[in-house]
There are 2 protein chains.
Amino acid sequence: MRRSERKAASPDLGILANRALHAVQRELFRTLAEQGHPDLRPRHGAVMAFIDEEGSRATDLAQQSGQHKQVIGTLVDELAALGYVRREPDPDDRRAKLVVPTERGLDQMQRSDAIVGEIEARHAAAAGEAAYDAFKRLLRQVGEAPPADGDAGVTP
Amino acid sequence: MRRSERKAASPDLGILANRALHAVQRELFRTLAEQGHPDLRPRHGAVMAFIDEEGSRATDLAQQSGQHKQVIGTLVDELAALGYVRREPDPDDRRAKLVVPTERGLDQMQRSDAIVGEIEARHAAAAGEAAYDAFKRLLRQVGEAPPADGDAGVTP
DNA sequence: GAATTTAGTCACTGATCTTGACGATCATGA
DNA sequence: TCATGATCGTCAAGATCAGTGACTAAATTC
């Protein structure tokens, strides 16, 4: 059997993870577009997926999402222009800014959390709650850094 | 509880899939670098993860990997320069070329398949074979297009 | 045999990521 | 209290990566 046939019949973990990620992103952003948020793209998730209702610092968003702070800065510019967030001074630290969601931002956050929840509920219904819980625990373990290495828990 | 705290405590499917993909890619390419293949990057996987031992056409690699054929062309240029593949005419079709792995390419293919196999074996050992098999079946389902849509099974 | 489709390359254009420097501000330790 | 080191976010690049349409030769289809 040819290698590509073996891979098609039994894809490996990296290929499956890549497809799973793209399937979830595709459905999420298509459904967001249908629900009034057509301007958002997956890379905006580095901000919108992690931002708190009461606002977050850019450095926190960079750390949580694994994106460089320069990229977060540019994404915040775009999201501000699109009406999703605004920048405010951080009262606790005059160097820092808070990225605060607008009403439109809060709506998007609530909707995207609900959409991902529905995707998960659909898979849980198909597989069974217990099986789905076990699946998520294993997926989380796969995403954690392997133990025998100096760099612990670093996201890209 | 703040949204970012909830997300840290219980990350959703998209975040988990993103981390899983990056964890597997990071370990794979770091281990390949240690084993004599330091010049390869994840985007080369669009060719090296799918190529057959006896060679593949660029259009097949584009279809299997979801990458545009222009990108595959550029990647094949780079991999040829690095000594992993060479282009040969396809005897069955004078328009077509076969991308054929070199000895170095075959070595990398065997090693990367083994490395991903070891990553999977480690997770299977930790979780149990039956649990890991169930995990992969579910991950594959997550990566398949949702049923109620016109675009069936398209990879990005 | 003509029309249509395909293969891969050309030539772009556009998108995204990475890095280091900088000034203002904060935290730390002597 | 002060000097020093660290942090915050922006600036200004440079590097990497993806997407599109056109083109010629070759194959397929009708």
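Note on naming: letters A, B, ... go to the chains in the order of the sequence lines (proteins, then strands), and numbering restarts at 1 for each one. Because only heavy atoms are used, hydrogens play no part in the values below, and waters and symmetry mates are left out as well, while side chains stay in.
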Nearest whole angstrom, please: distance from the [atom2] of [N] to the [atom1] of [X].
X	N	atom1	atom2	value
B:R94	D:dT24	CZ	P	18 Å
B:Q67	D:dG19	CD	C1'	10 Å
B:D90	D:dA27	CG	P	10 Å
B:Q70	D:dC23	CD	P	16 Å
A:K97	D:dC11	NZ	C1'	13 Å
A:L61	D:dT10	CG	P	12 Å

DNA chain C contacts among residues 73-86 of chain A, heavy-atom distance under 4.0 Å: none

ring-ring contact (aromatic ring centres under 6.0 Å, His included) pairs, two or more places apart, involving residues 88-112 of chain B: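 Every candidate ring-ring contact (aromatic ring centres under 6.0 Å, His included) pair involving residues 88-112 of chain B fails, so no pair, neighbours aside, qualifies.
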
Listed once per pair and sorted, the ring-ring contact (aromatic ring centres under 6.0 Å, His included) pairs that draw on residues 80-134 of chain A, sequence neighbours left out: A:H37-A:Y84, A:Y132-A:F135

Atom CD of A:E103 with >12 non-hydrogen neighbours under 6.0 angstrom: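 Result for CD/A:E103: open.
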
Under-3.5 Å donor-acceptor pair between A:K69 side chain and D:dG9 base: yes

Check: protein-nucleotides 28-30 of chain D nitrogen or oxygen pairs below 3.5 Å:
none

With a 4.0 Å cut-off, would you call [X] and [Y] a salt bridge?
X	Y	result
B:E5	B:K7	no
A:D133	A:R137	no
B:D52	A:R2	yes

Contact boundaries on DNA chain C for chain B, cut-off under 4.0 Å to non-hydrogen atoms: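 Answer, 5' to 3': C:dT6 to C:dA11.
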
Test item: A:H22 side-chain N/O and A:R19 main-chain N/O as donor-acceptor pair under 3.5 Å: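 Such a contact is absent between A:H22 side chain and A:R19 backbone.
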
Contact list for DNA chain D against residues 39-47 of chain A - heavy-atom distance below 4.0 Å: none

Flag side-chain contact, heavy atom, 4.5 Å: B:Q67 against B:V47: no

